[in-house]
Structure formats: C-alpha cells, structure tokens
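Working notes, beginning with the structure itself.
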Amino acid sequence: LSVVSSDEFEAKTILDDAVSELRERLGVLVFSDDGRSLPEIVGGLLVERDATVSVAESCTGGLIASRLTDVAGSSAYVVGGMTTYSNAAKEMLLDVRLDLFERHGAVSDEVAIAMALAVRQKLGTDFGLSATGIAGPGGAVSGKPVGTVHVALADSGDDVVSRRCQLPGDRRRVKFQTSQVALNLLRKTLLSASER
C-alpha cells in the first residue's frame, strides 16, 4: 500500500490537467501521451482496422520498415518493404517510369507517389508508404537542398497523399525525421479514416 502525500496528489492533478489541455489544443498533432512510440501507435491503429502496410524506401534505406518491425506482433500488419536506393532499382522493382526521373527527378512527389502505389499493388497491402529524399551531406541540386524529402501514402483505392518537407540536421537526423514524417502521415490517415 503506497501513501500519496497531498503535495504529490496536487502535483499529479496539475500535470494531468496540463496534459489534457495540451491534448485538446494540439489535437491530432499529439501522437502519444503515455510513452508509446510512433511505430507502436501506428501498429495499434493498423491492428484495430485489420489493415496491412508495405513500404518503399530510398533515402531512409529501410529505416521505416525497421522501426515498424521493432514492435512485437508487427507481422500482423507489416507485409514487406523494398529499399530502392538507385533509380535503376526504383525502375526495376517498382516500375517507376524513366520519364518521371527525367522530368521531376528522383526526389519528387511524382516519384514518391509512384513508389507508394507500386509497393501497395505489388505486395497486396491496404497501404503503401514511400520515402525519397536527399539525406546529405552531398546530393543537393538546384531547388532541392540537403534535407529535401518527399513521402507518399497510397490506400486500397489508390488514393494518394504526399508531403514535401525540408528537414534540418545531419544525415542520421534527416533519415530519422523522414521516417517520423512518413509514419505520422500513416497515423493521421488511419485516424481520419476512423472518423468517417
């Protein structure tokens, strides 16, 4: 039996009220207030909806799939992934058309969308998630500095949402933040689908 002092009780009440107010003000921006990681939250949402996901990655080099599969039980919703780092791999494994690279570059919404659609269709999942970008320190081109990333999410109806981000930091940080952006895009999509 533990005894809680009145000061401890008051502090906990103040903290709980502050958390509730932040959650109310920030809404969907808050993904966890109980210590669960973003991959755990996403996994829980996929299980609730009996949905599956596959991943096509370039700049993240398999990090998104790795983070998803760090969660025990993830085999229930992660079907597989492809790390297609080169344009040739994107073309060969994901059927990304050569003209997309020529017109838009590998780091573009168009390529991210093509990757997400292809991985979803090839692996037969409810969702296809993709990421392509410039993690650095080299690789910047005109209009696309280091930290430029594009993520896309395709659903079973082949509807696609994509995001372009400019992320700060070194290579490791850009890769991690890209995985966060991609996983959060999936989280928000799953949440909005449940509200319909």
Side-chain angles (χ1 to χ4, degrees), residues 28-86 88-96 106-107 111-136 147 149-163 165 167 169-194:
V28 74
L29 296 176
V30 176
F31 67 82
S32 176
D33 61 7
D34 59 8
R36 286 182 298 158
S37 69
L38 186 52
E40 288 173 304
I41 298 291
V42 168
L45 291 169
L46 287 165
V47 167
E48 284 175 21
R49 286 147 186 78
D50 193 27
T52 56
V53 65
S54 54
V55 185
E57 302 182 61
S58 184
C59 66
T60 46
L63 181 60
I64 299 168
S66 177
R67 292 186 67 207
L68 281 168
T69 57
D70 280 344
V71 179
S74 56
S75 59
Y77 50 85
V78 177
V79 172
M82 297 182 195
T83 301
T84 53
Y85 207 65
S86 69
K90 291 177 185 70
E91 189 178 4
M92 180 174 42
L93 298 173
L94 296 170
D95 304 320
V96 177
V107 179
V111 169
I113 289 167
M115 291 169 65
L117 286 166
V119 78
R120 191 202 71 70
Q121 291 166 355
K122 286 181 178 290
L123 296 183
T125 54
D126 297 300
F127 294 96
L129 188 58
S130 71
T132 182
I134 305 168
V149 299
H150 293 263
V151 299
L153 178 67
D155 68 16
S156 57
D158 284 340
D159 291 324
V160 185
V161 290
S162 64
R163 299 286 181 269
C165 301
L167 303 173
D170 62 12
R171 184 177 184 83
R172 183 176 298 222
R173 187 169 177 205
V174 168
K175 288 174 68 172
F176 180 78
Q177 289 181 104
T178 302
S179 73
Q180 286 286 95
V181 170
L183 291 169
N184 197 45
L185 179 60
L186 177 54
R187 178 188 71 90
K188 288 165 79 173
T189 300
L190 288 164
L191 287 173
S192 67
S194 69

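Every heavy atom of this structure was used, including side-chain atoms; hydrogens, water molecules and symmetry mates were not.
Using modelled atom types, no side-chain atom of Glu57 and backbone atom of Gly81 make a donor-acceptor pair closer than 3.5 Å. Ser130 places no side-chain N or O within donor-acceptor distance of the main-chain N or O of Ala56, the cut-off being under 3.5 Å. A donor-acceptor pair under 3.5 Å is formed between the side chain of Asp126 and the backbone N or O of Thr52. Remark: the backbone N or O of Gly62 is not paired with any side-chain donor or acceptor of Ser66 at under 3.5 angstrom. Proximity of a side-chain donor or acceptor of Arg120 to a complementary backbone N or O of Phe127 within less than 3.5 Å is not detected. Within the 3.5 Å criterion, the main-chain N or O of Glu40 finds a donor-acceptor partner in the side chain of Ser37. Thr132 places a side-chain N or O within donor-acceptor distance of the main-chain N or O of Ala106, the cut-off being under 3.5 Å. With Lys90 contributing its side chain and Tyr85 its backbone, the two residues share a donor-acceptor pair below 3.5 Å. Between the side chain of Arg163 and the backbone N or O of Val181 there is no donor-acceptor pair closer than 3.5 Å.
Of the listed residues (Val107, Leu167, Val174), just one forms a side-chain contact (heavy atoms from CB on, under 4.5 Å) with Ile134, and that residue is Val107. Shown are Leu183, Ile64, Val78, Asp70; of these, the side-chain contact (heavy atoms from CB on, under 4.5 Å) with Pro39 is made only by Leu183. When each of Arg173, Arg172, Arg171 is tested with Lys175 by the rule side-chain contact (heavy atoms from CB on, under 4.5 Å), just one qualifies, namely Arg171. None of Leu185, Val47, Leu186 except one satisfies the side-chain contact (heavy atoms from CB on, under 4.5 Å) rule with Val42; the exception is Leu186. The side-chain contact (heavy atoms from CB on, under 4.5 Å) test with Thr189 singles out one residue from Asp159, Asn184, Asp155, Val161, and that residue is Val161.
Counting heavy atoms from C-beta outward, Leu190 and Glu48 have side chains that stay 4.5 Å or more apart. Contact of the Leu38 side chain with the Arg187 side chain is registered, since non-hydrogen atoms from C-beta on lie closer than 4.5 Å. For the pair Arg67/Phe176, a side-chain contact is recorded, criterion being any heavy-atom separation below 4.5 Å from C-beta on.
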Inset, instruction - Decide yes or no on side chain to side chain contact (heavy atoms under 4.5 Å, CB included) for Ser162 and Ile113, but give the supporting numbers first. - result: CA-CA 7 Å; Ser162 64; Ile113 289 167; 3.9 Å; yes
Legend entry - Stepwise side chain to side chain contact (heavy atoms under 4.5 Å, CB included) check, Val119 with Leu94: CA-CA 7 Å; Val119 78; Leu94 296 170; 4.1 Å; yes
Inset, instruction - Before giving the answer on side chain to side chain contact (heavy atoms under 4.5 Å, CB included), spell out for Asp158 and Gln121 the whole-Å C-alpha distance, their side-chain angles and the decisive distance to 0.1 Å. - result: CA-CA 9 Å; Asp158 284 340; Gln121 291 166 355; 2.9 Å; yes
Legend entry - Val151 and Leu129: CA distance, side-chain angles, deciding distance, side chain to side chain contact (heavy atoms under 4.5 Å, CB included) verdict: CA-CA 7 Å; Val151 299; Leu129 188 58; 5.6 Å; no
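Within the model, atoms CG of Leu63 and CD of Gln180 stand 9.0 Å from one another, a figure rounded to the nearest 0.5 Å. Going from atom CE of Met92 over to atom OG1 of Thr84 covers 10.0 Å, rounded to the nearest 0.5 Å. Taking CE of Met115 as the reference point, atom CG of Leu93 lies at 10.5 Å (rounded to 0.5 Å).
Contact detail for Cys59 and Ala135: the closest heavy-atom pair is O-CB, 4.5 Å.
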